[in-house]
Amino acid sequence: MPELPEVEVICRGLRPIITGRVIRAAALSGKRLRLPIPQAAIDGFAINQQITAVRRRAKYLIIALANGAGLIIHLGMTGKLGVFPREIPPARHDHLRLRLDNNMELRLNDTRRFGSIQVLAPDIDELDFFADLGPEPLEDKLTAAYLLQRAAKSQRPLKNFLMDSHVVVGIGNIYANEILFAAGIAPQLPVSQITRPVWQNIVQQTREVLERAIAAGGSTISDFTNASGKPGYFQLQLKVYGRAGQPCPTCGLAIQKASQGGRATFWCANCQMSHRQLVSVTIAS
DNA sequence: AAACACCCCTGCGGGC
DNA sequence: TGCCCGCAGGGGTGTT
């Protein structure tokens, strides 16, 4: 489900609701997520700790605690976080409930259980935990120069490259497709062929698409909801994702669909430049 | 390195 | 109506 915009929307929604609260108890479903829920570490480091901050890194949510520990939550494909009054019965697929000091519960619901919860112990540096991740796309470290350097000598298709969290974080299948449509570049293009000004445009379109998606409350394809249980609306602005066979919003040509790395790719063969077109444009300019 | 297959899991919609 | 199949926003591993 959630890519960077959805996680950011949840983060911003959760922050004012749970910051300052104290975690009093944890209740587990007993089922494992992609990783087992670390009950002993939660009991040891999180119970009776005050929540001091709620942050996002990549597609992870970080709930920072007063003792320096942190809960690191990944929502996988179907994860949802919400805060509910204690008296509301837990829902099917609620796998972790954290009882707070105000009779509310922070609940993680995850149908497919591809999400994860990890505990960052107080003596572990968060930077080390996330050491393998690339830069945040909405921060200054993502530059055309960086992407040009990372892409040198690589024949990887552009879309796969953008979805690689070692290269840049937060971009999943929906937004990779949308960003490349906005940038006017074919998703199959080998990255070593891409010139600096084109990378500059990709960086700019990445930021614009992600920012617009955050502003719209994220994309609700089937079940995404924010921390208050409300859906997002960016799916209404999607131009290619999920629109195979429908007319391109720009030129009217049917949107194409193919598989790349086991994920569906959607693009307009007319509006998104192939390698050949890119070369001819570069020569002309 | 990088491409691919396959794994984790549940639910939904389409086709028959 | 029901059943089976493919597919779905994530990421990780192991094999060529």
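Throughout, a chain's letter reflects where its sequence line sits, starting with A, and its residues are numbered from 1. Just so you know, these numbers come straight off a predicted model, no measurement behind them.
For A:His74, a side-chain nitrogen or oxygen approaches OP1 or OP2 of C:dG11 to under 4.0 Å. The phosphate of B:dA3 (OP1 or OP2) has a side-chain N or O of A:Arg156 nearer than 4.0 angstrom. Side-chain nitrogen and oxygen atoms of A:His93 include at least one within less than 4.0 Å of the OP1 or OP2 phosphate oxygen of B:dG11. One finds no side-chain N or O of A:Ser116 lying less than 4.0 angstrom from the OP1 or OP2 phosphate oxygen of C:dG11. Note on A:Tyr241: a side-chain N or O is less than 4.0 Å away from OP1 or OP2 of C:dG9. Phosphate proximity of B:dC9 to A:Arg32: absent, as no side-chain N or O sits under 4.0 Å from OP1 or OP2. Between A:Lys59 and C:dG11 there is a side-chain N or O to OP1 or OP2 distance below 4.0 Å. A:Arg263 has a side-chain polar atom (N or O) that falls below the 4.0 Å cut-off from OP1 or OP2 of C:dG9.
Taking a centre distance below 5.5 Å and an interplanar angle below 30 degrees as the stacking criterion, A:Phe114 does not stack against the six-membered base ring of B:dC9.
Residues A:Phe181 and A:Tyr241 place their aromatic rings such that the two centres sit no closer than 6.0 Å.
Between A:Phe130 and A:Tyr60, the ring-plane angle classifies as tilted under the 30° and 60° cut-offs.
Ion pairing between a basic and an acidic side chain is recognised when a charged N comes within 4.0 Å of a carboxylate O; A:Glu139 and A:Lys141 show no such pairing. The pair A:Arg24-A:Glu105 does not meet the salt-bridge criterion, since no charged nitrogen lies less than 4.0 angstrom from a carboxylate oxygen.
At least one side-chain heavy atom of A:Ile37 sits less than 4.5 Å from a side-chain heavy atom of A:His95.
Taking the nucleotide of DNA chain B with the nearest heavy atom to each of A:Ser154 and A:Arg34, the more 5' of the two is matched to A:Ser154.
As rounded to whole Å, 13 Å separates atom P of B:dA1 from atom CG of A:Asp132. Look at CG on A:Asp110: it is 10 Å from C1' on B:dT10, rounded to the nearest Å. The distance between atom NZ of A:Lys159 and atom C1' of C:dG10, rounded to the nearest whole Å, is 13 Å. Atom OH in A:Tyr60 sits roughly 7 Å away from atom P in C:dG11 (whole-Å rounding). Protein atom NE2 of A:His95 is 19 Å distant from nucleotide atom P of C:dG10, rounded to whole Å. Atom pair A:Gln235:CD and C:dA8:C1' shows a separation of 15 Å (rounding to whole Å applied). Atom-to-atom, CE of A:Met77 to P of C:dG10 comes out at 6 Å; the value is rounded to the nearest Å. Remark: P of C:dG10 and CD of A:Gln260 are 14 Å apart, rounded to the nearest angstrom.
In a base pair of the Watson-Crick type (N1 to N3 plus N6-O4 or O6-N4) or a G-U wobble (N1-O2 and O6-N3), with each distance short of 3.5 Å, C:dC7 is matched with B:dG11. Figure legend. C:dG12 is base-paired to B:dC6; pairs are counted as Watson-Crick or G-U wobble with both atom distances under 3.5 Å.
You won't find any donor-acceptor pair under 3.5 Å spanning the side chain of A:Arg113 and the base of B:dC9, going by distance alone.
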For side chain to side chain donor-acceptor pair (under 3.5 Å), just list the numbers for A:Gln235 and A:Thr220, CA-CA rounded to whole Å, side-chain angles, deciding distance to a tenth of an Å, and then say yes or no. CA-CA 6 Å; A:Gln235 70 280 5; A:Thr220 297; 4.5 Å; no
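Here the separation of C:dG9 from B:dA3, taken at their C1' atoms, is 23 Å to the nearest Å. Between B:dA5 and C:dG6, the two P atoms lie 15 Å apart (nearest whole Å).
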